[in-house]
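These notes concern the structure reproduced below.
All chains are named by letter (A, B, ...) in the order of the sequence lines, taking the proteins before the strands, and each is independently numbered beginning at 1. These numbers come from a predicted model, not from an experiment.
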Amino acid sequence: MNAVLVDNIVKTYDKGKILALNKVSFEVKQGELFGLIGADGAGKTTMFRILTTLLIPNSGRAEVLGLDVVKGIWEIRKMVGYMPGKFSLYQDLSITENLRFFATVFNTTFEKNQHLIEDIYVQLAPFKDRLAGKLSGGMKQKLALCCALIHEPKILFLDEPTTGVDPVSRKEFWDMLDRLKARGITIVVSTPYMDEAERCDRIALIQKGNILDIDTLQGILSKHKKTLFAVRSEQMFRLLNNLRQFELTESCFIFGEFLHLSLKNGEADVAATKAFLIANNHQNLVFKPVLPNIEDAFIELMEDNHHAK
Amino acid sequence: MNNLLILLQKEFRQIFRNPTILRMILAMPIIQLILIPFAADYEIKNISVSVVDLDHSDYSRRLVEKMAATGYFKLVEYGSSYQNTLQTVGKGETDIIMTIPADFEKNLIRENTASIHLAADAVNGVRAGLGSGYAAQIIADFNREIRSEWLTLAAFNEIPQIEITSASWYNPHFDYHLFMVPGILAILVTMVGSFMAALNIVAEKEAGTIEQLNVTPLKKHEFILGKLIPFWILGLVSITMGMVVAYLVFGIIPLGHYLTVYAFAAVYLLGVLGIGLLISTFSDTQQQATLFSFFFMMIFILMGGLYTPIESMPVWAQWIAAFNPPAYFIKVIRAVFIKGSNFGDLLPEFYKMIAFALVFNTLAIVNYRKRSA
């Protein structure tokens, strides 16, 4: 049995004017750490709200732990932990009050399930009587995770848990997810950060309501193993324009302090390209091959998707 | 049941942690009850009167003295002519001009009749109406005085005379506070029950906590009850506070039973909470809820008979007032306080309040379902 099964889900807003999810299908295996990766507005939150029974899809079928998200609503709610993208705990209750409240709502007690969250809670314990609204961003996120875990859910839905969190806390957070996964909890997580994809078992790239690809990170990268070149010169903007007009260029986009360039014939075109750039008077030229990462793959998929339309 | 208890515990914890709510519940009854009845007093005093006495006779002086002695009037000017004095009305210095024509005394004695001219500044209609009413009463009084003097002088008898004495039942001294204080109590309960409850529910929407609750096994009716019960209790606390203030400050205690007040308040609050719940289903932010509330509150107060009697409104307005829940509670609470009505006397109002509670809560729940689907 799959932990999550999504089959041709369509969801529109504003009476059909806005297409949020366009025939989305994917599966999440039991015990998997699955990443939904896409820019803001891609439809990640809508997908989460459907899977956590907060929204009803227009068409298509979705199952969580073998239960239909529309018919099995009350069964699902008992077994699912959800952490919305926006911090949604009671800011005027303390850490322990929030935890006790959510434990009781799920018909259990904080004491009984404290062991489930022990390794996260130890970091919160020194502030246990502080109001949630007065916690730092990283602390709030840990508390939200604890509250989502306190009823021993079989599956966790985390909507952009690391947005707005500092890099150290982000890394810590992913380490926590690894430990939860080791306990057998299925985790579905969304993120706009491409670099977090490598922490997931499998990822789905989503853009404007469409799934672009679903695979392991390695799988996605191997499909895009075209050689990439990192290029820079003193005049980056002119360089970008020149390369985009160059007949041998397949794609070229800004990537940090370099441009990432892919050529129609790969290695074979390198000499011609260099000659073209020198002829265009580019000073201090750097031109080196790089390994494509997930961001390159994503941009390429996005462009493919764009052309396909 | 367990869920409801934990919700109630959470709610009260949040309420006691929120200084604004506490201040509203404790300070609002006290300040409103002390301020409004003293300030918004219908008893009109200190009406400025200018006298244009063209007669300068004994009688005219007696009439003016009599006016001044009542305490309602304040003589601001002795004018020399009506035209001149009219200018002080324009400046807002005079409310009423009393013109006593020349030969007032002479006509009164010789021809048994004389006229006096009263002119009132009607920019403030209530003040003008009541002021000239008072003045007319005093003049009539004066008239009677003179007549009786003549009668004894001339030892005449048998002039038929009707003397009118009126008795004001339930409020013999026309105590304005006795009328106003119970009405304000009703408004207080309305504010706490509907608007504070609406704001509280909408705050959960704004903070997103409602979404976190929605993914728990918590049922919707548990959530709603968890919200309504605390404000039902707070409403009763607030009316209790109000009655304490009414006793301590004004010495007002209900002539009827306190239990009648509470029985009606308990049912009335159910309806008012339904209004609050309805407002919360329409609003996504506390700002929207506040604007909705403000709109309703104006209608509640102005068309509820708190200031102006519903019976003197035009028929269409009376129809609106018939669907205005506070109008009934204001009526009931006044009846219990002033008239000493008991539960049985007010049974029709009781049924209407139950109807309001059913209608508003049903509307709210239907709308709530529709919007969350």
Write down the atom of [X], the atom of [Y], and the distance for their closest heavy-atom approach.
{"X": "A:L89", "Y": "B:Q212", "value": "CD2-OE1, 4.1 Å"}
{"X": "B:T216", "Y": "A:W74", "value": "O-CZ3, 4.1 Å"}
{"X": "B:G208", "Y": "A:S88", "value": "O-CB, 3.3 Å"}

Stepwise, does the side chain to side chain contact (heavy atoms under 4.5 Å, CB included) test hold for A:V80 with B:V215? CA-CA 8 Å; A:V80 160; B:V215 292; 5.8 Å; no
Tell me if the [atom1] atom of [X] is crowded by more than 12 foreign heavy atoms within 6.0 Å.
{"X": "B:F12", "atom1": "CZ", "value": "yes"}
{"X": "B:R23", "atom1": "CZ", "value": "no"}
{"X": "B:F323", "atom1": "CZ", "value": "no"}
{"X": "A:Y193", "atom1": "OH", "value": "yes"}
{"X": "A:E118", "atom1": "CD", "value": "yes"}
{"X": "A:Y13", "atom1": "OH", "value": "yes"}

Is the shortest distance from a Lys or Arg side-chain nitrogen in A:K86 or B:E211 to a carboxylate oxygen in the other one below 4.0 Å? no
Which one wins on heavy-atom pair count under 4.5 Å against chain A: B:L7, B:I210, B:T209? B:T209
Sole candidate of B:R13, B:R17, B:Q14 that passes side-chain hydrogen bond (donor to acceptor under 3.5 Å, both in side chains) when paired with A:D92: B:Q14
Chain B contact via A:I73 - which portion, at a heavy-atom distance below 4.5 Å: neither
Segment of A:F102 engaging chain B (4.5 angstrom heavy-atom cut-off): side chain
Validation row: A:Y90, B:E204 side chains within 4.5 angstrom (heavy atoms): yes
Out of curiosity, A:T104 OG1 to B:K10 NZ, how far, rounded to the nearest 0.5 Å? 12.5 Å
